[in-house]
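Everything on this sheet refers to the single structure shown next.
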Amino acid sequence: MQQLNRDGVALYYDEAGSGDPPILFIHGGMADHTHFAPQFEHFSRDHRTVVVDLRGHGQSDKPKQDYTITGFADDIVWMCNELGISKPVVVGHSMGGLIALELAAHFADLPAAIVILDSPVVPPQEFYEALKPFVEALRTPGYREAIRQFLEQFIGFADNPERRARLMDDLSSVPQHVIASALESYLAFDTAEAASAIKVPIFYISSGPWFTDVTRFHELCPKLVTGQTVGSGHYHQLEVPEQINAMIDRFLTINLLHPA
């Protein structure tokens with residue numbers, strides 16, 4: 001991987017391929033750039049393709065600070081400027097989808113389109129109520145066990161216990177100060193306000209459990225297109241990459257490459 005230095009903080013990324021539109025992948029909380037490995041390989045055949053390790057994740061530095069959706073988005077804008085990335089399609093998974101939403105809403109000149117994978121956009125109130133105890137547990141000494149118990153509900157890979165266990169180990173190894181702060185910001189992020197500001201093409205792909213009130217999302221964002229993967233858990237870009245890749249390819253073809 002390569003790195004950029006922003007005010008003393010190393011931010012890592014990798015890129016390959018060429019061709020427009022460029023595609024930028026943003027992983028979720030507790031994850032890193034490898035969570036888009038199948039997409040990096042697929043899309044770099046025809047597009048300039050960039051994957052990042054967010055501040056506090058992967059190989060990037062993990063300073064003691066607040067980790068917010070807006071802060072992550074600001075890092076992405078800065079990295080795009082440094083790398084000369086213009087009008088990318090921004091693809092975000094889980095927390096990364098909220099960062100993509102923030103980019104499209106408040107850094108509107110950056111993305112050509114966004115793709116959101118299994119993120120809670122205008123979720124039902126029950127989602128917030130279920131998440132609050134988990135977020136509180138992240139500030140306790142038992143935070144790693146709290147992560148594992150939370151992820152057990154939807155991690156996926158039920159037919160591949162070894163891969164499931166490896167993924168669980170990776171996700172629960174994130175530094176406590178990073179994930180506790182990031183998830184508090186995740187819970188506080190106003191997705192309705194952001195969604196109502198979207199002007200670019202937007203595609204939401206669910207893994208099955210709808211963390212999102214899609215009817216409300218569409219009311220806020222008339223450009224919204226939705227899809228759903230089959231036979232996977234929350235990490236569907238890893239578990240069923242052929243489905244994700246095909247849907248994104250078609251979305252790009254219809255909206256950017258050969259628009260009506």
Side-chain angles (χ1 to χ4, degrees), residues 26-31 35 54 56 66-73 90-106 114-140 142-156 168 171-172 174 176 178-200 202-230 232-237 239:
I26 306 175
H27 63 78
M30 302 179 284
H35 280 223
L54 293 170
D66 290 335
Y67 288 85
T68 67
I69 301 299
T70 300
F72 289 131
V90 180
V91 182
H93 172 247
S94 197
M95 185 181 78
L98 300 189
I99 297 167
L101 195 70
E102 171 72 1
L103 286 169
H106 298 124
I114 63 172
V115 179
I116 296 175
L117 306 180
D118 229 28
S119 305
V121 183
V122 287
Q125 186 60 35
E126 297 78 35
F127 174 85
Y128 286 117
E129 295 306 318
L131 197 62
K132 284 178 182 177
F134 171 57
V135 172
E136 292 170 0
L138 292 175
R139 291 291 187 184
T140 72
Y143 82 100
R144 291 190 192 277
E145 183 57 30
I147 291 173
R148 299 180 76 90
Q149 290 180 7
F150 182 72
L151 292 175
E152 279 286 351
Q153 305 169 68
F154 50 79
I155 193 170
M168 185 78 80
L171 291 165
S172 59
V174 66
Q176 183 178 18
V178 174
I179 193 56
S181 179
L183 264 291
E184 286 169 355
S185 173
Y186 187 108
L187 197 62
F189 183 62
D190 188 344
T191 58
E193 185 274 334
S196 66
I198 303 300
K199 304 301 181 186
V200 299
I202 176 171
F203 186 19
Y204 181 94
I205 306 177
S206 169
S207 68
W210 288 86
F211 300 119
T212 291
D213 180 341
V214 178
T215 300
R216 177 64 176 147
F217 194 179
H218 197 272
E219 290 171 351
L220 293 166
C221 188
K223 289 182 177 288
L224 178 68
V225 176
T226 60
Q228 181 177 328
T229 51
V230 177
S232 75
H234 180 57
Y235 297 88
H236 50 178
Q237 78 279 15
E239 192 170 3

Hey, could you give me the [atom1]/[atom2] distance between [X] and [Y], rounded to the nearest 0.5 Å?
| X | Y | atom1 | atom2 | result |
| --- | --- | --- | --- | --- |
| Ser94 | Met30 | OG | CE | 7.0 Å |
| Leu101 | Phe217 | CG | CZ | 6.0 Å |
| Leu117 | Gln237 | CG | CD | 6.0 Å |
| Leu54 | Met95 | CG | CE | 5.5 Å |
| Leu103 | Ile114 | CG | CD1 | 8.0 Å |
| Ile116 | Cys221 | CD1 | SG | 8.0 Å |

[Y] backbone acceptor or donor facing [X] side chain under 3.5 Å:
| X | Y | value |
| --- | --- | --- |
| His234 | Ser207 | no |
| Thr191 | Val122 | yes |
| Gln149 | Ala146 | no |
| Thr212 | Ser119 | yes |

Going by ring pair (Phe, Tyr, Trp, His ring centres under 6.0 Å), name the residues that satisfy it together with Tyr235, two or more places apart in sequence or in a different chain. His35, His93
Going by an N to O cut-off under 4.0 Å, is there a salt bridge joining Glu129 and Lys132? yes
For the residue pair [X] and [Y], what are the closest heavy atoms and their distance?
| X | Y | value |
| --- | --- | --- |
| Leu138 | Ala180 | O-CB, 3.8 Å |
| Glu102 | Ala73 | CG-CB, 3.6 Å |
| Tyr204 | Leu224 | CB-CD1, 3.9 Å |
| Glu184 | Val135 | CG-CG1, 3.6 Å |
| Thr68 | Gly71 | OG1-N, 2.8 Å |
| Ser172 | Arg148 | OG-NH1, 3.3 Å |

Worked verdict on Leu151 versus Met168 for side-chain contact (heavy atoms from CB on, under 4.5 Å): CA-CA 8 Å; Leu151 292 175; Met168 185 78 80; 3.8 Å; yes
Take the angle between the ring planes of Phe72 and Tyr67 and call it parallel below 30°, perpendicular above 60°, tilted in between. tilted
Pair Glu193-His106, side-chain donor/acceptor within less than 3.5 Å: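 Note: Glu193 and His106 side chains meet the donor-acceptor criterion.
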Please determine which of Ile155, Leu131, Leu171, Leu183 meets the side-chain contact (heavy atoms from CB on, under 4.5 Å) test together with Phe150.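 Among Ile155, Leu131, Leu171, Leu183, the one that satisfies the side-chain contact (heavy atoms from CB on, under 4.5 Å) with Phe150 is Leu131.
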Is there a side-chain contact between Tyr128 and Pro120 in this structure, where contact means two heavy atoms from C-beta onward sitting under 4.5 Å apart? no
